[in-house]
Amino acid sequence: MSSEVTVTLGGESRVVPIGTIVRDVLKDVPSRDLVAARVDGKVVDLTRKLDHDASVEPILAESVEGLDVIRHSTAHLMAMAVQSLYPGTQVTIGPVIEDGFFYDFAPATPFTLEDLPKIEAKMRELSKADHKITRTEVPREEAVQKFSAMGEKYKVEIINEAEDPISIYSQGDWMDLCRGPHVPSTRYLKAFKLTSVAGAYWRGDEHNAMLSRIYGTAFASKEALEEHLKLVELARQRDHRKLGREMGLYIFDPISPGSPFYLPKGVIIFNALIDYMRRMYRRYGFDEVVTPLIFKNEMFNTSGHWENFRENMFLSPDPESETHTVDTSPEGWRSGYGVKPMNCPGHTYVYRAEKRSYRDLPLRFAEFSRLHRAERSGTLHGLMRVRAMSQDDAHIFCREDQIEDEVAMNLEMVRDVYGALGFEGVEFKLATMPDKHLGTEQQWQMAEAKLANAIKRNEIAFEINPKEGAFYGPKIEIYVSDALKRKWQVATIQLDYNMPEGFDLTYTNSSGAEERPVMIHRAILGSLERFIGVLIEHTGGVLPLWLAPEQVRVLSLSEKVEDYAKEVADILKREGFRAHADIRNEKLGFKVREAELAKVPYMIVVGEREAADRSVSLRLLRGEKSNAMPLTALLEKLKQEPVPA
RNA sequence: GCCGAUGUAGCUCAACGGUAGAGCACCUGAUUUGUAAUCAGGUGGUUGCGAGUUCGAUUCUCGCCAUCGGCUCCA
């Protein structure tokens, strides 16, 4: 064995003694920027010894990988601080997440917000102490012994399942089981902030113990941290719950938790989206239907909802029953009614309304009815997770050989709609066979392949979401993010072989035999509630003209032009625009301010000059533009504003 | 549902064991206004609901409801 290794760095090779540590071959990089290194493509500690020929690249603090290392090390620093402040607290896991990190602890009593400043102060102290961070690899038994002796039963559980080698990172008198890598010493960690506390189940399973989680974030510099905190604050300003109230779109009231009350202005957005989807439906060949809201539970038993979804359903006794009670037992479907949480089972009755031929297919039934789901109270979140919602829901009944085309067509719709509404960063996932599933593995593979092909036909990038399909079939999930970067699923396209079976749906094929259609569940906007929430946050409430609740506000300068202001508003209304005249006895600046806050896209100022020659002075939202024009020119301009589909 | 926090006027927030206060909004009056707040006066609260401790509770304790941040679940 040679006593030297060849190191390739920045395209140049050189020979160093075997066992040289990575940091020494990166001597030219300023130490405060250097947090880790990439050796043969793998991120490792700077103290890693080189034992074979390798390519080496520095990882700087500001890089994506560098930031991850810093955050991971900061999570460790926090754990060290916590265990020094609260002896007896067990550690579990502390990963890096988008924009920060968290660490889950098992403390004697859960942490509260008040603990955070104390922990932060301790972290700063430990950071200043400049504890060197060192990695050691130990045999599994030794690791188990060590952590057992410390009473760290969660760590022992992890060690027993971890892959070799088992590595331990130490800083000062504290250590943690960890894969690494980490920064060389705690003094590298100086720009951090603990942000929140939360309960979290061990391994994410609600049957397990509830741990106490602390969230935090860390950056390469204090400036970057400040910048991030500022952005978070700005995002808060765009929260749809805040904007919805300010703009008078919708409210919530404890009298019906999780169910929005749309105010007149909110309904305009709601209906504009539905109108838009109806135009799309005409183009793409969907037929709208309206089915009942309440069904005998018998139907939900057939569809599988009674077994799989009744905990999330609002149930009602049969009003004519003597007991007036709801039987929620597995056999309870034999009596009573349920409020539909989904449209699908109802649509099977529309399908069955006639004898169907292979020539009829595909049949595409769309419905905007309100759906109710008894979501657990802790999950409710503004418009993003509600108990009452409308979806741009549709169920496509088609032949096996039509699946791919149908899915591809719906994906095209997804792209049309999200493109028209200016959404970027839409993510696609293919959710595959879950452990608990109906049908054979072969059927699933075929179904998944059909979905994947349809996605590829649209040249859309997608990820696999393993085992997250519905029990009856795989699905394509489409996600967008809210202002605070939380991802929400909006659109979905799901294959279903189960429900046609359950409701015994058939069509007559070309040779006169009965065959089973396939059902595709799909929604493009998803729930209108969630979509509106996301839309408000994406736009900050500044909606395109066709969606703006109030499109034009005519601001009069004084009483003398009151009549002209009203006349202008009336003309605009007759032309089909949502226009109002603000003839209140207020100064122009005041009216402009209010129109700006209400996010009215067109502000029209009329004074005596305008009234004299029947012109208007236009101001666009955020003071973008301001100029005078004849009234007819304004109408022309308004009519040229884009309307999708 | 679980963990933590919060709940005061329509909204945003103050007070804190001793009979609740501001700004905005709303109403009235004055002002007749040129592109993000004209001035003055006034109305408005069983301090989320229900118990308990106390001479006295908005304040302390408990239960419930709702909301916020997460977990779980999901459009």
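Lettering of chains follows the sequences in order, A, B, ..., and the numbering in each one begins at 1.
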*Met603(A) CE to U35(B) P, straight-line distance once rounded to whole Å*: 14 Å
*Selection from G34(B), G69(B), A37(B) that lies nearest to any side-chain heavy atom of Arg241(A)*: G69(B)
*Calculate the interatomic distance between Met342(A) atom CE and A75(B) atom C1'; express it in whole Å.*
9 Å
*Can you tell me, in whole Å, how much space there is between the C1' of G18(B) and that of A22(B)?*
22 Å
_Can you tell me which nucleotide in G34(B), A36(B), U72(B) comes closest to the side chain of Glu610(A)?_
G34(B)
_Given G34(B), A66(B), C73(B), the nucleotide with the shortest approach to the side chain of Pro257(A)_ = A66(B)
*Which nucleotide sits closest to the side chain of Arg376(A): G34(B), G4(B), C73(B)?*
C73(B)
_Does A75(B) have OP1 or OP2 under 4.0 Å away from a side-chain N or O of Gln489(A)?_
yes
*Determine the Euclidean distance between corresponding C1' atoms of U8(B) and U58(B); express it in Å to zero decimal places.*
7 Å
*Between A36(B) atom C1' and Glu596(A) atom CD, what is the distance in whole Å?*
6 Å
*Quick one: do Asn465(A) and Glu477(A) satisfy side-chain hydrogen bond (donor to acceptor under 3.5 Å, both in side chains)? Show the steps, please.*
CA-CA 9 Å; Asn465(A) 201 3; Glu477(A) 303 167 333; 3.0 Å; yes
_Looking at every heavy atom in both Leu293(A) and Arg370(A), which two are closest together, and how far apart are they?_
CD2-O, 3.4 Å
_Using a strict threshold of under 4.0 Å (side-chain N to carboxylate O), is an ion pair present between Arg619(A) and Glu596(A)?_
yes
*Distance, rounded to the nearest Å, where Glu206(A) contributes CD and G70(B) contributes P*: 18 Å
_Once you apply a heavy-atom cut-off of 4.0 Å, does Glu608(A) come out as touching a base, just sugar-phosphate, or nothing?_
base
*Between the side chain of Asp104(A) and the main-chain N/O of Ala106(A), is any donor-acceptor distance below 3.5 Å?*
no
*If a stem is a run of at least 3 consecutive Watson-Crick or G-U pairs, both distances under 3.5 Å, which stems include RNA chain B?*
B:1-7 with B:65-71, B:10-13 with B:21-24, B:26-30 with B:38-42, B:48-52 with B:60-64
*Measure from the side-chain heavy atoms of His381(A) and tell me the nearest of A75(B), U32(B), G69(B).*
G69(B)
*Is Glu448(A) reaching over with its side chain to a backbone N or O of Pro474(A), donor-acceptor style, under 3.5 angstrom?*
no
*asked:* Just checking Phe105(A) against Tyr103(A), ring centres under 6.0 Å apart?
replied: yes
*With a 4.0 Å cut-off on heavy atoms, is Lys487(A) in touch with a base, just the backbone sugar-phosphate, or nothing at all?*
nothing
*For G34(B), does either OP1 or OP2 sit under 4.0 Å from a side-chain N or O belonging to Lys591(A)?*
no
_Separation of the P atoms in C68(B) and A30(B), to the nearest angstrom_ = 45 Å
_Between C73(B) and U12(B) - P atom distance, rounded Å_ = 32 Å
*First encountered from the 5' end of RNA chain B, between Gly607(A) and Glu114(A)*: Glu114(A)
_Which nucleotide wins on minimum distance to the side chain of Arg530(A), given the candidates G1(B), A75(B), U32(B)?_
A75(B)
*Looking across every strand, which nucleic acid part, if any, lies under 4.0 Å from Tyr215(A) by heavy atom: base, sugar-phosphate, or nothing?*
sugar-phosphate
*Got a salt bridge between Glu246(A) and Lys599(A), using NZ or NE/NH1/NH2 to carboxylate O under 4.0 Å?*
no
*For Gly248(A), report the nucleic acid contact type (base, sugar-phosphate, nothing); a contact means any heavy atom under 4.0 Å.*
nothing
*asked:* Without decimals, in angstroms, what is the distance between Asn312(A) CG and A75(B) C1'?
replied: 12 Å
*Report, as a single string ordered 5' to 3', how protein heavy atoms within less than 4.0 Å touch nucleotides 38-43 of chain B: B base, S sugar-phosphate only, - not at all.*
B-----
*Answer with yes or no whether the side chains of Arg203(A) and Asn208(A) bring together a donor and an acceptor at under 3.5 Å.*
no
*Any side-chain N or O of Thr379(A) under 4.0 Å from OP1/OP2 of C73(B)?*
no
_Closest to the Arg245(A) side chain, choosing from U67(B), U35(B), C11(B)_ = C11(B)
*Going through the distances and angles, do Glu550(A) and His580(A) end up as a side-chain hydrogen bond (donor to acceptor under 3.5 Å, both in side chains)?*
CA-CA 8 Å; Glu550(A) 187 178 353; His580(A) 302 273; 4.6 Å; no
_Rounded interatomic separation in angstrom, taking NE2 from His395(A) and P from A75(B)_ = 11 Å
*Same-atom distance (P) from G4(B) to G17(B), integer angstrom*: 25 Å
*With heavy atoms under 4.0 Å as the rule, sort Gly204(A) into base, sugar-phosphate or nothing.*
sugar-phosphate
*asked:* Classify Leu211(A) by what it touches in the nucleic acid, base, sugar-phosphate, or nothing, heavy-atom distance under 4.0 Å.
replied: nothing
_Test item: Lys591(A) side-chain N/O and Val605(A) main-chain N/O as donor-acceptor pair under 3.5 Å_ = no
_Please classify the nucleic acid contact of Ser196(A) as base, sugar-phosphate, or nothing, using heavy-atom distances under 4.0 Å._
sugar-phosphate
*Do Thr432(A) side-chain atoms and Lys467(A) backbone N/O form a donor-acceptor pair below 3.5 Å?*
yes
*For A37(B) versus G45(B), give the span between their P atoms, rounded off to a whole number of Å.*
32 Å
*Phosphate OP1/OP2 of A36(B) contacted by Arg619(A) side-chain N/O (<4.0 Å)*: yes
*Please state whether the base of A75(B) and the side chain of Gln494(A) form at least one donor-acceptor pair under 3.5 Å?*
no
*Proximity to the side chain of Arg486(A) - top-ranked nucleotide from C73(B), A75(B), G69(B)*: G69(B)
*Regarding Tyr602(A) and Glu641(A), is there a side-chain donor-to-acceptor distance under 3.5 Å anywhere?*
yes
*asked:* In whole Å, measure the gap between the P atoms of G21(B) and A9(B) for me.
replied: 14 Å
*Name the closest nucleotide to the Val605(A) side chain, picking from G34(B), G70(B), A36(B).*
G34(B)
*Could you state the atom-to-atom distance from CG of Leu597(A) to C1' of U35(B) in whole Å?*
14 Å
*Check each of His521(A), His395(A), Lys475(A) against Asp496(A) using the side chain to side chain donor-acceptor pair (under 3.5 Å) test, and report the only one that passes.*
His521(A)
*asked:* Which nucleotide wins on minimum distance to the side chain of Ser617(A), given the candidates U35(B), A36(B), G1(B)?
replied: U35(B)
*Using a strict cut-off of less than 4.0 Å between a Lys/Arg side-chain nitrogen and an Asp/Glu carboxylate oxygen, indicate whether Lys340(A) and Glu367(A) qualify as a salt bridge.*
yes
*asked:* For a quick check of understanding: with a heavy-atom distance under 4.0 Å over all strands, which category does Glu375(A) fall into, base, sugar-phosphate or nothing?
replied: base
*asked:* Determine whether a donor-acceptor pair (one donor, one acceptor, N or O, separation below 3.5 Å) exists between the side chain of Tyr201(A) and the base of G1(B).
replied: yes
*Using the P atom on both, measure G69(B) against C64(B) and round to a whole Å.*
22 Å
*In whole angstrom, give the distance that lies between atom CG of Asp104(A) and atom C1' of U72(B).*
13 Å
